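Because only heavy atoms are used, hydrogens play no part in the values below, and waters and symmetry mates are left out as well, while side chains stay in. From a predicted model like this one, the values you see are computed outputs, not experimental measurements.
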Amino acid sequence: MGDQAKLSVGGKEIDLPVLKGSVGPDVIDIRKLYAQTGAFTYDPGFTSTGSCESALTYIDGDEGVLLHRGYPIGQLAEQSSFLEVCYLLLNGELPSQAELGKFEHTITRHTMVHEQLSSFFSGFRRDAHPMAVMCGVVGALSAFYHDSTDISDPVQRRIASHRLIAKMPTIAAMAYKYSVGQPFVYPDNKLSYAGNFLKMTFGVPAEEYEVIPAVEKAMDRIFILHADHEQNASTSTVRLAGSSGANPFACIAAGIACLWGPAHGGANEACLNMLREIGTPDKIPHFIERAKDKNDPFRLMGFGHRVYKNYDPRATVMQQTVREVFDALKVNDPLFETALRLEELARSDPYFIEKKLFPNVDFYSGIILSAIGFPTEMFTVLFALARTVGWVAQWNEMIGDPGQKIGRPRQLYTGPTERDYVPLSAR
Ligand code: ACO
């Protein structure tokens, strides 16, 4: 028998199994706690709760480590490609040359969307936030691809996963094109995943579009850096939605809705807006003081993380990529200097040191995306595009788990106890 934890509740002592993962903290298995004691655990925000078993992604927040299927994010960002990382996340192992070629071919052949889906866009206001459009259009996919919504069929699950990964750039680019009043650009099968997305976003039918290799590489790397991040809020949302048996398109739409919040994927947009508000480095101390003031709701966006209590390894790669994109495009956004100085000042400030607040993935990503030409409203859309593979891989893992149950948390009830209804005339 493995390790046991002892818990004493109301004078009764029970043993709880302690489960060991391949690496990382042990977990105390409380599944029988309620049956044995009549008590629930209480953990709002899931700060100490493991919600599932997963073999996809591992994070050591104290050491600043992020592994996908065991491979460090820095190595993947440097040496792999986004579609190879997608294959890895979905299948567990890196592909052979032939497997990668077949996978790339499959994804490329799923990039078009049903022509009728285009008419959805005109139902939205042109000034709608593209994340609002994404929630609606991705949710609508289940009305178009009925042949891949039977979640009990592994083949349909795979096809739905491929469709989502392949169509997300097309839908994201369409959301952008609609907002600027330009015609939609069809996918181009000759191009890479990132190159095709750039063309669909920035190309116009009247001209040839030339993909700049350094920008294409940066785009691909940004997708890799956002591919998965274990049980974060949006991924947990996808799993919870999927636990009821909802179809994958509906589940991913739920994930997109959750990602939109400024405490999660919306932070990249909020961070660039904050840097613009700060403007020049001389204003930084004022904003740092505001971030430290408990009576001021302002927080340094792109700083802090629930899991990382060290430098987010994705922020390291992101910072390097800023320079590469600036060199390739021959631009130099002064906000980068402001961001570097802000990082330097915050990291030498006792408040941020004590609370272990470091730059996260969102701190530098907005500067790169802005240099490439994306408006801030598109930043979270790009995050959703890249995170789709993580969501579908986690969803597939959950559906394939024989121990999977509908997610149904309990609560600590603090409302009124039972009382009699008082007729309106007597109130
Ligand atoms: N600026 C100033 N203070 C902060 C910041 C920040 N960015 N982040 C956390 N703190 C402080 C909190 O005020 C709190 O102080 P207290 O203990 O005195 O009350 C302490 O640090 C812990 O913060 P919590 O909010 O309790 O930590 P939690 O794990 O719940 O939140 C979160 C993590 C939401 C990421 C938070 O750090 C934050 O709001 N950061 C800014 C938004 C952001 O960048 N989000 C992107 C996260 S990465 C991603 O989703 C891709």
Side-chain angles (χ1 to χ4, degrees), residues 1-70 92 228-246 251 254-255 258 263-264 294 304-310 312 354-358 390-391 393-420:
M1 205 204 289
D3 289 351
Q4 301 279 319
K6 286 205 182 306
L7 183 71
S8 171
V9 189
K12 190 174 168 197
E13 191 157 278
I14 59 158
D15 286 327
L16 297 166
V18 177
L19 310 179
K20 291 197 177 302
S22 47
V23 59
D26 295 343
V27 300
I28 301 169
D29 180 349
I30 57 157
R31 278 175 288 187
K32 300 223 166 82
L33 180 74
Y34 178 55
Q36 290 179 349
T37 67
F40 299 137
T41 56
Y42 184 61
D43 184 19
F46 304 115
T47 52
S48 301
T49 298
S51 59
C52 63
E53 190 177 317
S54 181
L56 277 154
T57 292
Y58 173 73
I59 304 172
D60 181 335
D62 293 325
E63 296 298 323
V65 170
L66 168 60
L67 310 176
H68 292 318
R69 302 282 193 187
D228 191 43
H229 213 229
E230 53 119 304
Q231 308 313 319
N232 56 83
S234 56
T235 302
S236 299
T237 301
V238 170
R239 279 188 179 255
L240 194 57
S243 77
S244 71
C251 296
C258 176
H264 191 12
K294 286 278 154 244
H305 198 276
R306 169 63 60 78
V307 182
Y308 293 118
K309 301 303 166 199
N310 200 327
D312 181 338
E354 199 184 297
K355 295 188 189 302
K356 300 189 176 160
L357 300 169
F358 291 84
W391 291 331
Q394 301 262 357
W395 172 82
N396 273 294
E397 185 180 59
M398 179 189 71
I399 304 287
D401 179 351
Q404 186 262 327
K405 281 177 185 297
I406 185 168
R408 201 328 183 165
R410 305 305 291 258
Q411 63 172 7
L412 173 67
Y413 177 69
T414 54
T417 52
E418 186 171 334
R419 48 184 170 167
D420 287 328

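Between atom CG of residue D228 and atom OG of residue S54 there is a gap of 7.5 Å, rounded to the nearest 0.5 Å. Summarising the geometry, atom CD1 belonging to I406 is positioned 5.0 Å from atom OG belonging to S243; distances are rounded to the nearest 0.5 Å. How far OH of Y308 is from CD1 of I59: 4.5 Å, rounded to the nearest 0.5 Å. We find the NE2-OH distance between H68 and Y58 to be 14.0 Å, quoted to the nearest 0.5 Å. Atoms SG and CH2, from C251 and W391 in turn, are 11.5 Å apart once rounded to the nearest 0.5 Å.
By the side-chain hydrogen bond (donor to acceptor under 3.5 Å, both in side chains) test, S51 is found to be paired with no residue, residues two or more places apart in sequence or in another chain being considered. By the side-chain hydrogen bond (donor to acceptor under 3.5 Å, both in side chains) test, N310 is found to be paired with no residue, residues two or more places apart in sequence or in another chain being considered. For K294, there are no salt bridge (Lys or Arg N to Asp or Glu O under 4.0 Å) partners at least two apart in sequence or on another chain. Evaluation of the salt bridge (Lys or Arg N to Asp or Glu O under 4.0 Å) rule for D62 yields no partner, not counting sequence neighbours. Residues forming a side-chain contact (heavy atoms from CB on, under 4.5 Å) with I399 (at least two apart in sequence, or on another chain): I151, R157, W395.
Environment of CD1 in I14: crowded, with over 12 heavy atoms of neighbouring residues, nucleotides or ligands closer than 6.0 Å. Counting non-hydrogen atoms of other residues, nucleotides and ligands closer than 6.0 Å to CZ of F46 gives a total of 12 or fewer. More than 12 heavy atoms of other residues, nucleotides or ligands shown are found within 6.0 angstrom of OH on Y413. Within a 6.0 Å sphere centred on CD of Q36, other residues, nucleotides and ligands contribute more than 12 heavy atoms.
Ring orientation note: the planes of H229 and H305 are nearly perpendicular, at an angle over 60° on the 30°/60° scale.
In plain terms, the two heavy atoms of A5 and I28 that are nearest each other are CB-CG2, 4.1 Å.
For the pair L7/L33, a side-chain contact is recorded, criterion being any heavy-atom separation below 4.5 Å from C-beta on. Proximity of L56 to R69: side-chain heavy atoms (C-beta onward) are separated by under 4.5 Å at one or more points.
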Could you walk me through whether E230 and L66 pass the side-chain contact (heavy atoms from CB on, under 4.5 Å) test, one step at a time? CA-CA 10 Å; E230 53 119 304; L66 168 60; over 6 Å; no
Is there a side-chain contact (heavy atoms from CB on, under 4.5 Å) between K20 and D3 once you walk through the steps? CA-CA 9 Å; K20 291 197 177 302; D3 289 351; 3.7 Å; yes
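Pairs passing the salt bridge (charged side-chain N to carboxylate O under 4.0 Å, His left out) check and including a residue from residues 395-416, sequence neighbours excluded, read R239-E397.
In this structure, D43 contributes its side chain and S48 its backbone to a donor-acceptor pair below 3.5 Å.
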